[in-house]
Chemist: 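Mind looking over this structure? Questions follow.
Since the model is a prediction, treat every value here as computed from it, not as a measurement. Quick note on labels: first sequence line is chain A, next is B, and so on, each numbered from 1.
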Amino acid sequence: MRHELARIPALLGLLLVTGLASRPAQADLGDCPGVAAAGYKVLLDQIVGAAASSASPADVQLFRQRVRSAVDAKIKKLALDTDSAIQLVGCDQRSPAGSTDFTNARVDALDTRDVLLEIWGVTGADIDDAGHNIRTVRLDFALIPVCAKVSPTCVPFFPFLMQPTTLASPAAGVLDLFRRADDVATYSLIGLGVKWQRAGDDQRALRYLCQADATLARGAPNDDRNALHNFVQRTIKAIVTKARTNPASTLSLLEDPQDSPCGASP
Amino acid sequence: MAAAGDQAPRVNARLDALTARLEKVEAAHDASAAPKKKTAWDIYQLLSPLVQALILAVLAYFLTGRVTNAIQREQIDLSGVNGIRELLVRLQGTKPEEGPDRQAAAVTLAAFGRFAVGPLIHALDTAQREGRLDTAQAAERALAMDGWSNPIPVCAALGRVISDPARSFHAETHRSAINALARADCLDQLPAVKTFAAQLAGGTPAAALPRLQQIVDPDTPASSTSVEKLRSDLARTISILERKESP
């Protein structure tokens, strides 16, 4: 009887929590069954037409196809270059509203599934400085394994690409966007480098991070790229410093990794 | 005449003696006629039928109540099966708009106590296998909440997950169970958690991956990231449970 009575506060607490938890605490991103596959993954979420957009459904559909094929081509090339199992996974039910949708628990779950990058996008209508109607194309990225902030929990980088275009179809803007930037491959390389660093293979981590470093150094600088470049260089330095104090490190075979770690990496 | 006069005192004396005896007899009679004081045995004999009837009535009341309660509980349990089934369907919904409903279904399932443990572990493992991350997260939370009010069955079930020799569970199900053990204060499972941690200890995550693959379902992929996250969560769970264990 005492045992039964002792359960009452616990049950009341449970019901209270039930009531609180039944409120929609966070928006649901939607499931993406493809994340269960083995290997590294780049997720491509829904590409949506903005509410104010005058783009027709056919335009948006074409836009989606162009983005998908452009990203797929980049990923396939990257998989060959890095000899890594990387695949593009389409997540048609997912549509993040922004970085706030990437809670710590979600980022953690995606990281455990070896998701390197999540991409979503929007196309819409805008008016340029001269008052002309233009199209805009925007792609957002979440670099899942890469923590822009570590404390108290890992918050990934959220860079984006934006392309205003005077072209009639936003789908045409996609080609412009991908011709101009090689960000999908660069971001994936950073993700791979961080993953291998955490797995304990310094040599492989350094190889990918150095490739990303070189690409970031070549591109047009902006705040996002500068922040990422700084992160990559800090990580490279940390790997080399650790390798010098760890005789078991795979980097210990290199002659003088401190002076030019990227030059020395295979 | 003189002889009659001599006999008179003797007769009187005999009469007195007779009177005295008569008085004694009367006194004795009066004494035996007075009411006797009742002993405890007398009272028991008097009240025993009443007491027996009362005891029988009380026993009958409690026994009937218990049997009725047991029957009613079984009826509630059986009617709860349908409720659990509906909630499981809602928990495993895949559309984004079903998200809030999914969370509510998970925590309501937890209110079914020990009856929800098996279905929640099944839902958790299925979601981890199918990559339904929000569903898995909701099921893990529900297990932890169930553990607050029903620690014995929940902790025992979670302990069986992490010690499963049949390798039935996905690596991430193991990780969810380890996190839920900490949330539900499963102190009795601390040795099992430490055994799991010892199996993964030593070397880089990449080097420890084959050892993890010997623990989890061989048909589901585990990565060195799983090792890294499991190590971190195992250390946290051990730390939490040890803190709770020491007064």
Chemist: For chain A, which candidate among B:Arg129, B:Lys229, B:Glu130 shows the most heavy-atom pairs at distances under 4.5 Å?
Modeler: B:Lys229
Chemist: For B:Ser224, is it the side chain, the backbone, both, or neither that has a heavy atom closer than 4.5 Å to a heavy atom of chain A?
Modeler: side chain
Chemist: Considering only heavy atoms, which portion of B:Glu172 lies under 4.5 Å from any heavy atom of chain A: side chain, backbone, both, or neither?
Modeler: side chain
Chemist: Relative to chain B, which segment of A:Arg198 carries a heavy atom at a distance below 4.5 Å: side chain, backbone, both, or neither?
Modeler: both
Chemist: Could you check whether A:Arg94 pairs with A:Glu118 (Lys NZ or Arg NE/NH1/NH2 to Asp/Glu carboxylate O, under 4.0 Å)?
Modeler: yes
Chemist: Taking the six-membered ring for Trp and the single ring otherwise, decide whether the centroids of A:Phe157 and A:Phe231 are under 6.0 Å apart.
Modeler: yes
Chemist: Parallel, tilted or perpendicular: which fits the ring planes of A:Tyr187 and A:Phe141, with parallel below 30° and perpendicular above 60°?
Modeler: perpendicular
Chemist: Is the shortest distance from a Lys or Arg side-chain nitrogen in A:Lys195 or A:Asp114 to a carboxylate oxygen in the other one below 4.0 Å?
Modeler: yes
